[in-house]
Every structure is written in structure tokens, then in C-alpha cells.
Amino acid sequence: MNRPVLDVVRGAVLPRPPIWIMRQAGRYLPEYRAVRTKAGSFLQLCYNPVLAAEVSLQPLKRFDLDAAIVFSDILVIPDALGQKVRFEEGEGPVLEAIEDGLGIGALSLEGVLAHLEPVCETINRVAERLTPAQTMIGFCGAPWTVATYMIGGRGSADQAAARRFSLTRPAEMAALRDILVEASALYLAAQVRAGAHVIQIFESWALNLDEEMFRQEVIEPTVRLISRLHQLVPNVPVIGFPRGAAGMIAEYVRATGVDMVGLDYAMPLNFARTHIAPLAGVQGNLDPLRLVVGGTAMKDRCEEIISAFEGVPHIFNLGHGIVPQTPVDHVSELVELVKGSGEGM
Ligand code: CP3
């Protein structure tokens, strides 16, 4: 039995695209909120393989999705390196911001794999419960995106703290990139050994960078991360999601050699079809708000996306993560729509 998501990442063209949804396990599901309350803190949930596996599988019980993604977070990496992370209600992640070389010197690669072992056990448990047609996706944040939280101490609209750090402390920034590349590669390799078939690298903050900084902070460490990963586990296919890469996306795809690239919802379909699809498979790219609104706002765009990528390797997904306000019924409708899209077309 083939696994459609894995096959398409490897270059197969199917009559209708397989589908999974970024952040598919999360607060829009009442059963997620129940487990989340039981677990205590968000990180306790991430590090509890029994509960994290349950939560990873929740969306697959409700919807006919083609992949599971392990329930965890991109910020378990700084946590594992020794920079404590908290998730505050209504505020998101909070870290003690790294301000200089001292903060970077305090990070340690030594305990990373032991700290992240529970996430690998979650993968193991989820992978065992998948059907032979479902794909197990492992993930990490890209070094730059993770660094923006480590340096800024929290999310920000423009990542100014990290951009300034990159310009004013190039040596410390290079040291941080090295640590993140190595920690992420070890972590991803462990995820593959635990049962992940495909890896997605979330570069959620590829926007707001000039081309020089984009090359230095996004492309260069991603190239090294993928080559180190392939040294540890040859051939595992990789999806890169450089959200907001805009005019740099083709260079990102060529330089990193990702098998598939996630398209954010601002990426025009014609542009992607002409300039990106010849370089790699494409994943995306419905605006998550169209899923919130539903009806024709969702359906019409969905059909446009599917027909734009006919004949090329395409995985249907959103152009960014699903939001908590999303009605569960709209998700069922979306999945049915995508699954039925081969009929009559
Ligand atoms: O896709 C999945 O179902 C797997 C789980 C997953 C989570 N975070 C769970 C989560 C994945 C793949 C992520 C990735 C992630 N985390 C990214 C990259 C993707 C993106 O959305 O850009 C980023 C930037 C983070 C960092 C992060 N984690 C933030 C900024 C926040 C707070 C904002 C928010 O969405 O709540 C989180 C918390 C978080 N990660 C939640 C979940 C389900 C909500 C926390 C809760 O349940 O209390």
C-alpha cells in the first residue's frame, strides 16, 4: 500500500492531492482542549508521550487526513538546550531573551537528545497506529525562526531584536546558528529513527529579511541542517516551509534542495505553478481564514488551488496553521472537498 503524502513528497503526481493541515492538532478541537487541561502546562503535554500521541491522533479520528504530524512545538529545542521556555495563557511563548555571547555560552548540546526522547516516543506510538496509507510527519523549526524567539524572548511582528543581533553581533549569531543546526539535525534524525517518514522544517519568519540576511540566516543554515540530517539518515524527504519568502522562494528551493516547498497563502498560484513547481513539489496554500469563514469563500479557492497544481506533485494544505476559531464542520467539508476533487474534473 502506498502512502500518498510520502509518495507526493518524493515526486509522485496523483489524480487528486492528499491532504493534511498545519497545526491540525490544536485548540479548535474540543477534545484537544480537554487533554490540554488534563496535562497541566503546554510543555508537559509535549513531553508526555501517551497524551501527546492521543492528541496527534485526534484529527485523524475525525477527518480522513493522509498524514499525522507529531504533537510538539518548535520551541522544545531552546528548552532542550537549557533556555527555559514557558507558554503563557493568551500570550504565547516566553523565554529569557539571549542578549549576548554569555547567553549563547550557556546553551548546551549535551542533553538535547535525552531531553527530546519523549517526543520520539510519541512518534513511535503514533506511527504504530497509522494505517498503511498514512504518513508520519516529524518537524522542527528552522534555525532562524527558533533564533528569533531565543533572542526576542517572545513572538514579535518584525523580529527586530534578532535582526539587530544578526547585524551587531555576527560572531555570536554564527555560534547560535551552529548550535541550532546541530541540535536540530540530531533531533530530526532521532525522529526519523522513531518512525517519521517525512520531515517538515517550519521557517515561519522568513519574512521581513533583506536578501543578504535571508541568505545568511535562512538559506545557509537550512542547507547545513539538511545536509547534516542526510549524513545521519540518508534520503529522508524534506518539506521546507519558508513563510513569507516571497521573491526569495526560488533561490531557497534551489539552494536547499528541499523535496517539497510549503507555499504561504500570499503566494500567487500562477507564479508558483510557473516558477516553483518546476523546482520542487508544492504544498498549500489555502488562507486559514477561508477555512474559518467556510462556504464559497473556502470552496472556490480550494478548487482554484487544486486545478492550478494539476499535473505536478501537490499536497493540499493551508498557507499557515489552522486557527483556534475554526469551526470543526468546515474542516470536515474541506477534507471531503479535496478528497472528492478527482471526480468530474
Ligand atoms: O501541527 C500540529 O498539529 C503539531 C503541533 C505544532 C504546534 N506548534 C502545537 C502548538 C506545531 C507543528 C507547531 C509549530 C510552531 N510552534 C510554529 C511553526 C508554525 C507556525 O504556526 O508558524 C511556531 C512559530 C511555534 C511557536 C508557538 N507555539 C507559538 C508562537 C505559540 C503560541 C501561539 C499559538 O498558536 O498558540 C505556540 C503554542 C502552541 N503550539 C499551541 C499548539 C497546539 C497552543 C498552545 C496551547 O494549547 O495552549
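Order of listing sets the numbers, starting from 1, for every ligand and every atom in it. FYI, side chains are in, hydrogens and waters are out, and symmetry mates aren't considered; it's all heavy atoms of this structure. Residue numbers count from 1 along this sequence.
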Worksheet item: Numbering the atoms of ligand 1 from 1, which are under 4.0 Å from a heavy atom of His320?
Response: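 Heavy-atom distances to His320 below 4.0 Å select 20 (C), 21 (O), 22 (O).
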Worksheet item: For ligand 1, which atoms have a heavy atom of Ser204 less than 4.0 angstrom away?
Response: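 This gives 18 (C), 19 (C), 20 (C), 22 (O), 24 (C) as the contact atoms.
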Discussion item. Please confirm whether the ring centroid of Phe42 lies under 6.0 Å from the ring centroid of Phe71.
Written reply: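 Yes, the ring centres sit under 6.0 Å apart.
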Can a non-hydrogen atom of [X] be found less than 4.0 Å from any atom of ligand 1?
X     : result
Val70 : yes
Gly92 : yes
Tyr32 : yes

Closest non-hydrogen protein atom to [atom], residue and atom name please, with distance?
atom                    : result
atom 23 (C) of ligand 1 : Ile74 CD1, 3.5 Å
atom 46 (C) of ligand 1 : Arg36 NE, 3.2 Å
atom 45 (C) of ligand 1 : Phe42 CD1, 3.6 Å
atom 36 (O) of ligand 1 : Arg27 NH2, 2.4 Å

Does [X], backbone or side chain, put an N or O under 3.5 Å from an N or O of ligand 1?
X      : result
Arg243 : no
Arg23  : yes
Ala25  : yes
Tyr149 : no

Which of these, [options], has its nearest heavy atom closest to [atom]?
atom                    : options               : result
atom 6 (C) of ligand 1  : Ser72, Pro288, Cys140 : Ser72
atom 37 (C) of ligand 1 : Phe87, Phe202, Trp205 : Phe87
atom 26 (C) of ligand 1 : Val35, Asp73, Ile69   : Asp73
atom 29 (C) of ligand 1 : Pro93, Gly141, Ala52  : Pro93

Item to complete: Would you check, one step at a time, whether the test side-chain hydrogen bond (donor to acceptor under 3.5 Å, both in side chains) holds for Gln44 with Ser41?
Response: CA-CA 5 Å; Gln44 276 171 313; Ser41 77; 3.3 Å; yes
Ignoring hydrogens and geometry, is there a side-chain-to-backbone donor-acceptor pair from [X] to [Y] under 3.5 Å?
X      : Y      : value
Glu128 : Arg125 : no
Gln58  : Glu31  : yes
Arg228 : Ala185 : no

Discussion item. What verdict does the side-chain hydrogen bond (donor to acceptor under 3.5 Å, both in side chains) test give for Asp264 and His320, after you've listed the backbone C-alpha separation in whole Å, the side-chain angles of each residue and the deciding distance to 0.1 Å?
Written reply: CA-CA 6 Å; Asp264 59 63; His320 196 194; over 6 Å; no
Fill in: Full working for side chain to side chain contact (heavy atoms under 4.5 Å, CB included) between Ile201 and Phe139
CA-CA 6 Å; Ile201 300 175; Phe139 75 92; over 6 Å; no
Discussion item. Rounded at 0.5 Å granularity, tell me how far CZ in Arg177 sits from CD in Gln216.
Written reply: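 Rounded to the nearest 0.5 Å, the CZ-CD separation comes out at 4.5 Å.
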Worksheet item: So do the side chains of Arg193 and Cys120 get within less than 4.5 Å of each other, counting heavy atoms only?
Response: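 Of all side-chain heavy-atom pairs linking Cys120 with Arg193, none is under 4.5 Å.
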Worksheet item: When you look for heavy atoms under 4.0 Å from ligand 1, do you find them on the side chain of Glu89, its backbone, both, or neither?
Response: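 Neither part.
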Worksheet item: Can Leu180 and Ile77 be said to form a side chain to side chain contact (heavy atoms under 4.5 Å, CB included), step by step?
Response: CA-CA 8 Å; Leu180 288 172; Ile77 286 279; 3.8 Å; yes
Worksheet item: Where do Leu334 and Cys302 land on the side chain to side chain contact (heavy atoms under 4.5 Å, CB included) test, with the steps shown first?
Response: CA-CA 8 Å; Leu334 174 72; Cys302 210; 3.5 Å; yes
